[in-house]
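Read the structure below first, then the notes.
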Amino acid sequence: MRYYLDAIDQNKHLNCFLEVFAEHALQRAIELDSKPVSGKLHGIVLGIKDNICYKGHKASAASKILQNFISTYSATAVERLENEGAIIIGRLNCDEFGMGSSNENSAFGPVLNPNDNSRVAGGSSGGSAAAVKAGMCMAALGTDTGGSIRLPADFCGVIGYKPSYGRVSRHGLMAYGSSFDQIGVLSNTVADTAAILEVIAGPDEFDSTALPNNLESIDLKSEKKYRIAYFPEWIEHSSIDPEISIQLKDYLKQLETNGHQVNPVSFTLTDFIVPTYYILTTAEASSNLARYDGARFGYQSEKKPDNLYSFYQHNRTEGFGKEVKRRIMLGTFVLSTGYYDAYFTKAQQVRQQLKKQTELIFKDYDFILAPNSPTVAYKLGEKNKDPLAMYMGDIFTVFANLTGVPAVSLPVFKHSSNLPFGLQLLSSTHNEVSLLRFSHQLMQQ
Ligand code: GLN
């Protein structure tokens, strides 16, 4: 335990942890040491993203509006980790309410990339990715609504796993886009990811969207040859760094040489995925974030309100950051009378189309192989003045959340700038076992 606490101390400049539960973690380590090993994760040291509740501890979603909020219960995922002997060492920085791609939207400052401190760690689970990369915890929980586990994993060089929608209960996760949100894992090995996922997955009476079955103990060994699809529209996309494109193509050739079947599959809906994602998630966010009014919990302005309306107005104006307000307004707009059918209904129709196309692809293929991001980690401040440029950086990750399929980022590449980048692998929905097995196979090479 002291090893991790020292590592956290030495890496303070990265701004990964919003709070370290040092006393609590040491105490728990002593308790666990005095007991025979029983749980599957006995003594495993984990960090959790700050939008996940942990009873008796603060959870702020990296927002001023919740900066002093203390959870009265633990998320199901956290409760299950603790029941199996894990130690929660602290809460990790992220973009406010998970809204962002670079971790620059935190009310408590950006997270720096451990590989190059002048660059972003990626978001929104930037604290989770950077903490695992820099050895401040063994693994971490993150959340992924449109890429927030995979993108920072890609930028920092760790494994980032987003399960199928419903695989992990969302009870105790602060909602952003409820039909997209998933809790997942950032780690150094596929075996670690599998061990944690087995524990946190499964049905939950507090989340009716949680899948009904548990994940049994996953045997990762597999020599199987698979059928792999890739979208030329993505690998040749106008926004992609040519070097990322070349390395991906070489990787595909290598897979073919190794006996896998690799084929291009045309994906004609590429231009629609980012707009569809931002219409639907902002609509859901505008509703989800209505609960933060300062009346029952959260930030209350010092300004004296004239009436109830101005009470809400002061609290929300001062409590929410710029990006969160932008999304609440956008979401309210797409849901408003007169625009609902033009935007929200259309976007839902596109989502259905995407799901249908995806099902068809997975009839013929085991996996889709793709980039995670058009670029490697960029400089702090490079994109955050231009929200559209930032949104377009999500072009390859939001597909998995729109369709609900599981997806992982594997740190297999190195750019000439010396920065890491990942390979994204997607499988059909609920097919975590195959996805983890193939990921393990690829990481062994
Ligand atoms: N970058 C995406 C967004 O800003 C994804 C965020 C996420 O997955 N939480 O919405």
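Note that ligands are numbered from 1 as they come in the structure, with each ligand's atoms numbered from 1 the same way.
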Does the structure place the NZ or CZ of Lys383 under 6.0 Å from the centre of the six-membered ring of Tyr378, at an angle of no more than 45° from the ring's axis?
yes
Looking only at distances, please establish whether an N/O atom of ligand 1 is found under 3.5 Å from an N/O atom of Met99.
no
message: If I apply the N/O under 3.5 Å rule, does Gly100 come out as touching ligand 1?
response: yes
Residue pairs passing the salt bridge (charged side-chain N to carboxylate O under 4.0 Å, His left out) test with at least one member in residues 426-444, sequence neighbours excluded, are Arg167-Glu432
Problem - Carboxylate-amine/guanidinium proximity below 4.0 Å for Asp341 and Lys346 - result: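 Not counted as a salt bridge, because no side-chain N and carboxylate O are separated by less than 4.0 Å.
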- Message: Check Arg28 with Glu82, please: is the shortest side-chain N to carboxylate O separation under 4.0 Å?
- Response: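 Between Arg28 and Glu82 there is a salt bridge, with a charged N closer than 4.0 Å to a carboxylate O.
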For [atom], what is the closest protein heavy atom, and at what distance to 0.1 Å?
| atom | result |
| --- | --- |
| atom 6 (C) of ligand 1 | Ser148 OG, 2.8 Å |
| atom 2 (C) of ligand 1 | Asp394 OD2, 3.2 Å |
| atom 5 (C) of ligand 1 | Tyr277 OH, 3.3 Å |

Would you say the side chains of [X] and [Y] form a donor-acceptor pair under 3.5 Å?
| X | Y | result |
| --- | --- | --- |
| Asn93 | Asp50 | no |
| Tyr176 | Arg327 | yes |
| Ser301 | Glu318 | yes |

Under 4.0 Å from ligand 1, counting heavy atoms only, is it the side chain of Tyr176, its backbone, both or neither?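 The side chain, only.
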Counting heavy atoms under 4.0 Å, the part of Arg327 that contacts ligand 1 is side chain
[X] neighbourhood, listing ligand 1 atoms whose heavy-atom distance to it stays under 4.0 Å:
| X | result |
| --- | --- |
| Ser124 | 9 (N) |
| Tyr278 | 1 (N), 2 (C), 3 (C), 4 (O), 10 (O) |
| Asp144 | 8 (O) |

